[in-house]
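To start, the structure under review is shown below, and the notes come after it.
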Number of protein chains: 4
Amino acid sequence: MKKNKPKFKQIIDAAVIVIAENGYHASQVSKIAKKAGVADGTIYLYFKNKEDILVSVFEERMGQFIDQIISSINKQENANQKLLTLIEMHFRQLSEDHHLAIVTQLELRQSDSTLRLQINKELKPYLTVIDTIIKEGIEEKLFRDELNLPLVRQMIFGTLDETVTNWVMKERKYDLVKQAHSVHALLTNGISVE
Amino acid sequence: MKKNKPKFKQIIDAAVIVIAENGYHASQVSKIAKKAGVADGTIYLYFKNKEDILVSVFEERMGQFIDQIISSINKQENANQKLLTLIEMHFRQLSEDHHLAIVTQLELRQSDSTLRLQINKELKPYLTVIDTIIKEGIEEKLFRDELNLPLVRQMIFGTLDETVTNWVMKERKYDLVKQAHSVHALLTNGISVE
Amino acid sequence: MKKNKPKFKQIIDAAVIVIAENGYHASQVSKIAKKAGVADGTIYLYFKNKEDILVSVFEERMGQFIDQIISSINKQENANQKLLTLIEMHFRQLSEDHHLAIVTQLELRQSDSTLRLQINKELKPYLTVIDTIIKEGIEEKLFRDELNLPLVRQMIFGTLDETVTNWVMKERKYDLVKQAHSVHALLTNGISVE
Amino acid sequence: MKKNKPKFKQIIDAAVIVIAENGYHASQVSKIAKKAGVADGTIYLYFKNKEDILVSVFEERMGQFIDQIISSINKQENANQKLLTLIEMHFRQLSEDHHLAIVTQLELRQSDSTLRLQINKELKPYLTVIDTIIKEGIEEKLFRDELNLPLVRQMIFGTLDETVTNWVMKERKYDLVKQAHSVHALLTNGISVE
DNA sequence: GATGAATGAGGCTTCATTCAT
DNA sequence: TATGAATGAAGCCTCATTCAT
C-alpha cells in the first residue's frame with residue numbers, strides 16, 4: 001500500500017505547503033517535488049498525475065479532519081453540545097494548520113470540475129455528521145421538529161465555511177476559535193429577539 | 001466610455017454563456033470572441049486582458065444584481081421584511097439566469113487569487129446591504145442587540161451562498177425561490193425549540 | 001484550404017529536410033519550425049499534431065511522385081514499356097530528391113503503426129498502378145496469363161524498394177537510374193537461362 | 001559467456017513476445033523484465049542497454065534462421081533447388097514463429113539508424129547465402145551469366161521481404177509457405193511470355 | 001548475482017496576446 | 001475601429017538507467 005510509505009506523506013505535506021504559498025495555479029509538479037526532496041519522476045511512483053496529488057491531499061487531510069471531529073463529538077452528551085464541539089473542532093483544526101486552511105478555503109476551489117467532484121465526495125461524510133447531529137437534536141427535542149434537514153445543513157456548513165474563508169482572507173488576524181460560541185448561538189437561536 | 005458601446009456588452013454576455021457552458025478553464029478568449037461575433041483582437045480593444053473580462057462580468061452583472069435587491073428592499077417597511085426580500089431576490093435573480101448562477105457559484109471560483117480579490121471588492125456593497133439590514137433590525141428591536149455584526153453577516157451570506165451552490169450542483173432540479181421563507185425562518189429563529 | 005497557403009508547403013519542405021538530416025526520432029517539432037522559419041505554434045495552425053506533419057509529407061510528396069509516374073506511363077504504348085517507365089521514374093524521382101529518398105526508405109519506416117497505416121493508404125494508388133500494368137500486359141499477351149497478381153506486384157514493388165534502400169544505404173554512390181533497364185530485364189525475363 | 005546463461009535467453013524470448021504484442025514503442029524495458037520474470041536491473045547484467053537487447057534478438061534469432069536455411073540448402077543438388085529451398089525455409093520459419101515475423105517485418109524497422117545498421121550486419125550472411133546460390137546457378141548454367149549479382153540479390157531479398165511483410169500485415173490469413181513455388185517461378189522465369 | 005525504488009532529462013502542445021493590414 | 005494570422009513561453013509526464021541493499 002503506497003499510502004503507508006513515508007514518501008507518500010512527504011509529498012502530500014509538500015503539496016499543501018507549496019499550494020498554500022504559491023497558489024494553486026503556480027504549483028508546478030516540479031516545485032512540489034523539490035519541496036518534498038524527491039525527483040520529479042518519483043511523484044509519479046506514488047500519484048497517477050497532478051490531479052491525483054490534490055485529491056489525495058483532500059482525502060488524507062479531510063479524513064483526519066473529520067475523524068478528529070467525530071471522535072470529539074462522541075464524547076458529548078447531546079446534540080447541542082455536539083454541534084458546539086463540531087464548530088470548535090472545525091475552527092480549531094484549521095486555525096492550527098493555516099497552510100491547510102488556505103488550501104481548503106481558497107486554492108482548492110480553483111480546481112476544475114472533475115477535481116471538485118472528487119472533493120465533494122470527500123466532503124460528504126462531514127455533511128452526514130452534521131445531518132446526524134440535527135436528527136439527534138430533533139429526537140432529543142432540542143431542535144424544532146419541522147426543520148428542513150438539507151436547508152439546516154446548508155446553513156450550518158455555509159456559515160462555518162464563510163466564517164473560515166473570511167478569517168483566511170483577513171489573513172488570520174483574529175482568533176477564530178473564540179468565535180465558536182457566538183456562531184453556535186447564532187445557529188441555534190437565530191437572530192431574532194426571542 | 002467603452003462600457004456604453006454595444007460590443008462591450010456583447011462580449012460580457014458571450015463570456016457568461018461560454019463560461020457557463022464550457023467551464024472556466026475551457027473558456028478561451030477565442031471562444032468568447034466567436035460567441036460574441038467579433039475577432040479575437042477586438043476583445044483587446046475593450047478589455048485589458050482576459051482577467052479584465054471576468055472582472056467586468058462580475059462588475060456588470062453583480063452591479064445589476066445588487067441594484068435590483070436594493071430597490072426591492074427599499075419598498076419594505078422593516079428589517080425582517082427586508083431580509084426576506086433580500087433572500088427572495090437573491091434566489092430569484094439567480095434562478096432566472098442560470099448561466100449567471102453557474103458562473104458565480106462554480107466557475108468564477110476557479111479563478112486565481114488576484115481575480116478573486118477583485119471579485120470580493122465587487123461583492124462588498126452587497127455585504128454592506130446585509131449589514132445595514134441587521135443594524136436596522138437591531139434598532140427596530142427586531143433582532144437581538146448583542147449580535148456580532150460580521151458574524152451574522154457571514155451566517156447570512158454563507159447560508160445563501162451554500163444554498164444556491166447546492167441548488168446549482170443538483171442541476172437546479174427544484175424551485176430555489178420557494179425555499180426563501182424557510183431560509184429566512186432559520187436565520188431569524190435559529191434551530192432551537194423556542 | 002490550408003494546403004494552398006505558402007506556409008503549409010514551407011513546413012512540409014522543412015520537415016523533409018530535417019528528418020533526412022537528423023533522423024525521424026531526433027526531428028523535434030521545434031527543429032522543423034526553425035528550419036521553416038516559423039514559430040513553433042504556427043505549426044499547429046496548419047497541422048493537427050506532429051504525426052499529421054509526417055502523414056502530410058507523404059500525402060503531398062507521394063501524390064506528386066505517383067502523378068508524375070502515371071503521366072509518364074500514359075505516353076507509353078504497351079505494358080512492357082510502361083513497366084520500364086515506372087521503374088525509371090521511380091528511380092529518377094528519388095535520385096533527384098535524395099532528402100525524400102532518405103525519408104521514405106529509412107526514416108518514415110520508424111514511425112509507429114498508426115502512422116504506417118496512413119502511409120500504406122497513400123501507397124495504395126501506386127500499387128494499383130502496378131496492378132493495372134500487369135493486367136494490361138496479360139491482355140496484350142506480353143505477360144504470362146497464369147500470373148498471381150498480388151505476388152507479381154510484391155515482386156515488383158519489393159525489388160524496387162529494396163534496390164532504392166540499398167542505394168540509399170550505400171550513400172548513393174552509384175547511378176540508380178542506370179539500373180532501371182537491368183531491373184526491368186530481371187523482372188520480365190527472370191534469372192533462368194531461356 | 002553470458003549468452004549461455006539461462007536468463008539471457010529468457011530475456012531475449014520475452015523481448016520478442018513483448019515487442020510482437022505491444023509494438024516497438026510500447027515495449028519498455030520494465031515490460032520485458034516482467035515478462036522474463038526478472039527485475040528491471042537484472043536486464044542490465046546481461047545487456048549493455050535497451051538497444052543491445054534488440055540487437056541480440058536479431059543476432060540470436062537471425063543466426064538460427066540462417067543456420068537452418070544453410071543446412072537445408074546443403075542437402076540440395078543444384079542452384080535451382082537451393083533457391084526454392086531458401087524461399088520455402090524463409091517462409092516456413094516465419095510462418096511457424098509469428099511473433100518473430102511481426103518483430104522482424106514491422107516492429108524492428110522502427111528502430112533508429114544505429115540499430116538498423118547493426119541489424120544489417122546480422123543480415124549480411126543471409127545475403128551472402130543468396131549470392132552464393134546465384135553464382136552456383138551461373139556456373140551450373142542454370143542462371144543467365146550476364147546477371148548483375150547485387151541486383152539479383154536485391155530482387156530476391158526484396159521480393160521475399162515484401163511478400164512476408166504483406167502476409168504479416170494481412171494478419172497472416174493465408175498460407176505463406178504455399179506461395180513458395182510461385183515466388184520461385186516468378187523469380188526464375190520472370191513475368192514475360194516465353 | 002539479483003533487486004526495484006529512485007532518478008531527471010527532454011518534447012509536444014495550448015492559448016493569451018500582438019501587430020501589420 | 002476591426003481583423004486574425006502569428007507568436008513563443010511554459011509544464012506535465014515517461015521511461016531508460018543506476019545503485020544501495
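So you know, we letter chains A, B, ... as the sequences are listed, proteins then strands, and number each from 1.
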When you measure from the side chain of B/E107 to the backbone of B/A20, do you find a donor-acceptor pair of N or O atoms at a distance under 3.5 Å? no

Determine which pairs satisfy side-chain hydrogen bond (donor to acceptor under 3.5 Å, both in side chains) with at least one residue from residues 6-19 of chain B, sequence neighbours left out, and list them in order. B/K9-B/E60, B/D13-B/R61

Please report the distance, rounded to the nearest Å, between CZ in C/F8 and P in F/dA6. 14 Å

side-chain contact (heavy atoms from CB on, under 4.5 Å) partners of D/N22, counting only residues at least two apart: D/V18, D/A26, D/S27, D/K31

Rounded off to whole Å, could you give me the CD1-to-C1' distance for the A/I43 and E/dA5 pair? 14 Å

If the condition is side-chain contact (heavy atoms from CB on, under 4.5 Å), which residues does B/N120 pass it with, not counting sequence neighbours? A/M169, B/L123

Does D/Q105 form a side chain to side chain contact (heavy atoms under 4.5 Å, CB included) with D/D161? I'd like the steps, not just the answer. CA-CA 8 Å; D/Q105 303 306 122; D/D161 193 55; 3.1 Å; yes

Any D/K31 side-chain nitrogen or oxygen under 4.0 Å from OP1 or OP2 of F/dC15: no

Report the C-alpha separation of B/Q118 and B/E59 in whole Å, then their side-chain angles, then the decisive distance to 0.1 Å, and conclude whether the side chain to side chain contact (heavy atoms under 4.5 Å, CB included) test is met. CA-CA 9 Å; B/Q118 292 272 9; B/E59 256 177 39; 5.7 Å; no

State whether C/Y46 places a side-chain N or O below 4.0 Å from either non-bridging phosphate oxygen (OP1 or OP2) of F/dA6. yes

Would you say a side-chain N or O of D/K7 is under 4.0 Å from OP1 or OP2 of E/dA2? yes

In whole Å, what is the span from the CD1 atom of D/I11 to the P atom of E/dG1? 11 Å

Where is the tightest heavy-atom contact between D/L94 and D/F65, given as atom of each residue plus distance? CG-CE1, 3.9 Å

Summary of protein contacts for nucleotides 13-21 of chain E, nucleotide by nucleotide, where a base hit scores B, a sugar-phosphate-only hit scores S (4.0 Å, heavy atoms): BBSSBB---

Of all residues at least two apart in sequence or in a different chain, which pass the side-chain contact (heavy atoms from CB on, under 4.5 Å) check with D/V29? D/I43, D/Y44, D/K50

Whole-Å gap separating C1' (F/dA6) and CD (C/Q10): 12 Å

Please give the stem ranges for DNA chain F, sorted by first residue number, where a stem is three or more consecutive Watson-Crick or G-U pairs and both donor-acceptor distances are under 3.5 Å. E:2-21 with F:2-21

Aromatic ring pairing C/F8/C/F47, orientation class (parallel under 30°, perpendicular over 60°, tilted between): parallel

Could you check how far CZ of A/F47 sits from C1' of E/dA6, rounded to whole Å? 15 Å

Could you give the NZ-to-P distance, from D/K34 to F/dC15, as a whole number of Å? 14 Å

